[in-house]
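Report on the following structure.
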Amino acid sequence: MLRPGVELLRWFMAQQRQLPWRTPFPRDPYLVLLSEVMLQQTQVHRVTPLFRRFVENFPTLEALAKATEAEVLAAWSGLGYYRRARALHAAARAIHAAGAWPTTRETLHALPGLGPYTAAALAAFSFGGSDPPVDGNVTRVAARVLALNAPASSVRLRREAERWARQLHRHAPTPATFEALMELGARICRPKLPSCDRCPLAAICAAHASNASDRYPLPSSRRPRETHRWVALWLVRRDGRVLLHRRGEGQLLSGLWLPPIRELVDSQEPKAAAAALLNTLGLEARLTPGKPISHSITHRDITVFPFLAKCDLTQVAENSELAWVPPDDPGVATSSLTHKLSLACCPLLTELGLPVSYRSA
DNA sequence: AATTCGGGGCC
DNA sequence: GGCCCAGAATT
């Protein structure tokens, strides 16, 4: 059992990617916490640039704890799963208020947003913990090495993966072993078309022995997809600012700032719905249709029909749920859909004699 | 145990 | 167009 751990570590030392949070062990717990929360269900190449920007905005735990939730959410814009940002902020405040970091998996698990995986990862990478962080990568690698016929989401597979990773770590007792397992899953033992010819664990892999790596783990059941149609109003003032609305609780993207949106019912015409939505804002304006946008949120496929209109300065007053913002630098928490709509409406601006983008004084 | 929550990249 | 991603919280 010694050999696999050594082979894995050898491969990792030679092949690992340089990532901004991969500093020598034990790592700065703040940077580990931040990266691990960002990496929940989010791929490395998407996290990397945002991680750098976030650390510039909030360089320390104290800086994050003293920021407002709105500021944190704004810095999280575009990354998705915005609940993570709220929980991260709450965790930072709790740690800062306590005056010291929890250092065990169990006590870390008690913080908001830290589940079994993140708590184990933070404990291992920053505090010498020996409980394996079991993520989707480790689960998949274990399912193949052990040829376990279980769905990736099953409790049984998670438990077996943790037991196996723990053994590996006992024979190669460094946090790098855990990181190496995840790196292996991301780079070699991929979900599709794994590169078994380059795998340091191929010699002990049961799935590879039967040439059936692609059959593990079993697929999890998935909710069927729904299709939706939305209209969005892109209302532009003469100074280039656009109207955004803070979405309420109980709906998608709650707390984020998007243009006014309404869902189309049945076979309703987009233009009619846009006019009705405009009416509820107490406005009258000529609506120009923009190019439809595709957006997906979990199991929903949404087609968004944008309508652009020129607005007078005094027609809509700002309040806590309504704000005129420069679209290229809103300064509030936005969804990537907000950005998509901005891009889709940009070509229409010049046609209507509006400035193509806001320029700050 | 199942559902919810974002978003993008890749086959 | 389906699948998956360094998951957690809620039901």
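Every chain is numbered from 1 and lettered A, B, ... according to where its sequence line falls, protein lines coming before strand lines.
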[atom1] spacing across the pair [N] / [M], given as an integer number of angstrom:
N: C:dA6; M: B:dC10; atom1: P; result: 13 Å
N: C:dG1; M: B:dC5; atom1: P; result: 23 Å
N: B:dG9; M: C:dA8; atom1: P; result: 24 Å

If you look at every strand shown and take non-hydrogen atoms under 4.0 Å, does [X] touch a base, only sugar-phosphate, or nothing?
X: A:R300; answer: sugar-phosphate
X: A:L114; answer: sugar-phosphate
X: A:P133; answer: nothing

Output the single nucleotide from [options] whose closest atom is nearest the side chain of [X].
X: A:E179; options: B:dC5, C:dA6, C:dC4; result: C:dA6
X: A:V155; options: C:dC5, C:dC3, B:dA1; result: B:dA1
X: A:R225; options: B:dC5, C:dG2, B:dG7; result: C:dG2
X: A:S296; options: C:dC3, B:dG7, C:dG7; result: B:dG7
X: A:Q43; options: C:dC5, C:dG7, B:dG6; result: C:dC5
X: A:V44; options: C:dA8, C:dA6, B:dG6; result: C:dA6
X: A:T118; options: C:dA8, C:dA6, B:dG7; result: C:dA8
X: A:T42; options: B:dG6, C:dG2, C:dA8; result: B:dG6
X: A:R222; options: C:dC3, B:dC5, C:dA6; result: C:dC3

- prompt: Do A:E183 and A:R22 meet the salt-bridge criterion of a basic N to acidic O distance under 4.0 Å?
  reply: yes
- request: Would you mind checking if A:R163 and A:E160 are paired as a salt bridge, meaning a charged N to carboxylate O distance below 4.0 Å?
  value: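 Between A:R163 and A:E160 there is a salt bridge, with a charged N closer than 4.0 Å to a carboxylate O.
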query: Does B:dG7 have OP1 or OP2 sitting under 4.0 Å from an N or O in the side chain of A:Y82?
result: yes
query: Closest nucleotide of DNA chain C for A:K192 versus for A:Q41: which of these residues is on the 5' side?
result: A:K192
- prompt: Counting only heavy atoms not in A:D197, do more than 12 fall under 6.0 Å of its CG?
  reply: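 Correct, the count exceeds 12.
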- request: Determine whether more than 12 heavy atoms belonging to other residues, nucleotides or ligands lie under 6.0 Å from atom CZ of A:R215.
  value: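 Counting other residues, nucleotides and ligands, CZ of A:R215 stays at 12 neighbours or fewer.
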task: Using distance alone, with no hydrogens and no angle criterion, decide if A:T42 and A:R84 have a side-chain donor and acceptor under 3.5 Å apart.
output: yes
- prompt: Out of A:R158, A:R166, A:R159, which one pairs with A:E162 under the salt bridge (Lys or Arg N to Asp or Glu O under 4.0 Å) rule?
  reply: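 Of A:R158, A:R166, A:R159, salt bridge (Lys or Arg N to Asp or Glu O under 4.0 Å) with A:E162 is met by A:R166 alone.
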- request: Measure the acute angle between the ring planes of A:W21 and A:F51, then classify it against the limits of 30° and 60° as parallel, tilted or perpendicular.
  value: perpendicular
field: Nucleic acid contacts of residues 330-341 of chain A, taken as heavy-atom distances under 4.0 Å to DNA chain B
entry: A:S335, A:S336, A:K340
- prompt: Going by modelled atom types, is there a donor-acceptor pair between the base of B:dG7 and the side chain of A:T298 at under 3.5 Å?
  reply: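 For A:T298, whose side chain was compared with the base of B:dG7, there is no donor-acceptor pair (under 3.5 Å).
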